[in-house]
Amino acid sequence: MGFSIATWNINSVRLRLPLVRSLLTDHAPDLLCLQETKCPNDAFPTADLKKLGYDHIAIHGQKGYHGVALISRLPLEDVQRRDYCEKGDTRHISAILPVAGRKIRVHNFYVPAGGDEPDPDVNPKFAHKLDFLQEMKALHSQAENAAGVSSILVGDLNIAPLETDVWSHKQLLKVVSHTPVETDGLKEVQAKGGWVDLMRQHIPEDEKIFTWWSYRARDWDASDRGRRLDHVWSSPDLSGSLSDVTVMREARGWERPSDHVPVFARFDF
DNA sequence: ATGGTGGTCCTACCA
């Protein structure tokens, strides 16, 4: 029995509904986790996605900004939407999926980008990002193990933690997403929660991985100044069943693309 | 060194 999951910052689900459709049709993950849907709940294209066989949809959206969604072929149980930092932002949703006789809670996150200035004293957006990370440290991958529930955490975490997660470690050390306070913070979230970085379990640390390329580059592909901002983590009990991780780089070259590409992970039980 | 592009939704804000 297998299970496949995809995570994708879509940067407007309504504008890019055709891309979401073709991803689901051509690659058919069991679960697609979207971030930055930028869509109020009453305007989410639920009916369109159900037509493709994704009967179980849980959304947490707001007008204009943020927004996360779970689009699933498998039932979604005990859906939770947590208000990190109590700002009313729609940045988290989770649910339990019955997978091959197991139970897996999937958390889908959109971590604040943090603005331009990496100083929490002068930039409230950066302070918010650090506060958000602090709150994430309380999330344990084995929190529901006693109830027989494993965990997966995916999403746009807006941090590239390793030197090989950016095109130039030295040039990005003072750039938000790769500053030491952020990369250390994310590693601490990972360590305290007992999370396994599945992308790095599958792809060696000396190999560069990017999931995001700025819209502002003249030629994103040629300059290749990317960052790994999107992540797939799991509780330790699932990591041995990981069979594949794929970063869909070609999606950045699609017409009217998101600046992030989908990341797929597959488990075989 | 600076500004480059793209999204939402009406004008500026966010990434």
Side-chain angles (χ1 to χ4, degrees), chain A residues 7-21 23 33-45 48 59-69 83-85 87-92 108-120 122-133 154-161 165-168 170-179 181-183 185-186 210-231 248-263:
Chain A
T7 179
W8 193 12
N9 178 320
I10 191 64
N11 189 15
S12 173
V13 68
R14 283 175 289 177
L15 187 70
R16 279 181 251 289
L17 183 58
L19 300 188
V20 175
R21 266 206 211 95
L23 186 89
C33 303
L34 293 177
Q35 305 88 35
E36 276 209 276
T37 54
K38 296 187 173 175
C39 184
N41 291 335
D42 58 12
F44 196 88
D48 298 83
I59 56 181
H60 190 202
Q62 66 186 83
K63 188 176 169 181
Y65 306 106
H66 323 314
V68 286
D83 183 9
Y84 280 74
C85 301
K87 292 175 80 81
D89 289 351
T90 55
R91 296 181 177 275
H92 168 267
N108 178 15
F109 276 98
Y110 175 51
V111 172
D116 288 330
E117 183 59 52
D119 179 351
V122 301
N123 175 9
K125 289 186 217 166
F126 196 72
H128 177 211
K129 186 176 196 176
L130 298 183
D131 289 346
F132 198 102
L133 283 182
V154 303
D156 176 5
L157 305 186
N158 265 314
I159 296 172
D165 291 337
V166 290
W167 64 275
S168 169
K170 278 193 177 173
Q171 283 173 261
L172 289 175
L173 269 171
K174 290 179 176 167
V175 174
V176 171
S177 74
H178 194 60
T179 65
V181 65
E182 293 169 87
T183 58
L186 192 69
F210 306 147
T211 65
W212 172 91
W213 293 261
S214 172
Y215 281 126
R216 296 174 187 176
R218 278 192 199 89
D219 185 337
W220 72 273
D221 196 20
S223 57
D224 200 20
R225 296 186 168 189
R227 306 176 200 170
R228 180 171 73 117
L229 303 180
D230 302 276
H231 297 268
M248 240 180 109
R249 181 182 170 108
E250 65 267 30
R252 186 62 180 77
W254 289 349
E255 199 172 330
R256 287 263 241 165
S258 169
D259 45 356
H260 295 252
V261 299
V263 179

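We name chains A, B, ... by the order of the sequence lines, and we start the count at 1 in each one.
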Next on the checklist: Could you tell me how far B:dC9 sits from B:dC13 if I compare only their P atoms? Round to whole Å.
Outcome noted: 16 Å
Item to check | Any residue meeting side-chain contact (heavy atoms from CB on, under 4.5 Å) with A:Lys87, in chain and number order, not counting sequence neighbours | outcome: A:Cys85, A:Asp89, A:His128
Next on the checklist: Could you check whether A:Asp224 pairs with A:Arg249 (Lys NZ or Arg NE/NH1/NH2 to Asp/Glu carboxylate O, under 4.0 Å)?
Outcome noted: yes
Next on the checklist: In whole Å, measure the gap between the C1' atoms of B:dC14 and B:dG4 for me.
Outcome noted: 16 Å
Item to check | Separation of atom CG in A:Asp259 from atom P in B:dG4, rounded to whole Å | outcome: 18 Å
Item to check | Rounded interatomic separation in angstrom, taking NE2 from A:His128 and C1' from B:dC14 | outcome: 13 Å
Residues 250-257 of chain A side chain polar contacts: donor-acceptor under 3.5 Å, at least two apart:
unit_1: A:Arg252; atom_1: NE; unit_2: A:Trp213; atom_2: O; d: 3.1
unit_1: A:Arg252; atom_1: NH2; unit_2: A:Trp213; atom_2: O; d: 3.1
unit_1: A:Arg252; atom_1: NH2; unit_2: A:Ser214; atom_2: O; d: 3.0

Checklist entry - Please give, in whole Å, the distance from B:dA1 P to A:Lys174 NZ? => result 12 Å
Item to check | Listed partners of A:Thr179 passing side-chain contact (heavy atoms from CB on, under 4.5 Å), at least two apart | outcome: A:Pro118, A:Phe126, A:Val181, A:Glu182
Item to check | With A:Asp116 via side-chain contact (heavy atoms from CB on, under 4.5 Å) - residues at least two apart | outcome: none
Item to check | Rounded distance (Å) that lies between atom P of B:dG4 and atom CG of A:Asp116 | outcome: 14 Å
Next on the checklist: A:Tyr84: which residues meet the ring-ring contact (aromatic ring centres under 6.0 Å, His included) condition with it, sequence neighbours left out?
Outcome noted: A:His92, A:Phe109, A:Phe132
Checklist entry - For atom P, what is the distance between B:dG6 and B:dT2, given to the nearest Å? => result 23 Å
Item to check | A:Arg228 (side chain) donor-acceptor with A:Thr211 (main chain) under 3.5 angstrom | outcome: no
Next on the checklist: Once side-chain hydrogen bond (donor to acceptor under 3.5 Å, both in side chains) is applied, do any residues pair with A:Gln62, and if so which ones, sequence neighbours excluded?
Outcome noted: A:Thr90
Item to check | Nucleic acid footprint by protein, nucleotides 6-12 of chain B - heavy-atom cut-off 4.0 Å, B for base, S for sugar-phosphate alone | outcome: SSSSS--
Checklist outcome for this item: note: A:Lys125, atom NZ; B:dC13, atom P; distance rounded to Å ~ 9 Å
Checklist entry - Between A:Gln35 (CD) and B:dC14 (C1'), how many Å, whole number? => result 17 Å
Checklist entry - Between A:Arg252 (CZ) and B:dA15 (C1'), how many Å, whole number? => result 13 Å
Checklist outcome for this item: Contacts of A:Leu17 meeting side-chain contact (heavy atoms from CB on, under 4.5 Å) (sequence neighbours excluded), chain-then-number -> A:Arg21, A:Pro45, A:Asp48, A:Leu49
Next on the checklist: Could you tell me how far B:dT8 sits from B:dG3 if I compare only their P atoms? Round to whole Å.
Outcome noted: 26 Å
Checklist entry - Taking atom C1' of B:dA15 as reference, at what distance in whole Å does atom CZ of A:Phe126 sit? => result 15 Å
Next on the checklist: Could you spell out the base pairing of DNA chain B as a dot-bracket line? Use Watson-Crick and G-U wobble contacts where both distances are under 3.5 Å, [ ] for crossing pairs, | for partners on a different strand.
Outcome noted: ....((((...))))
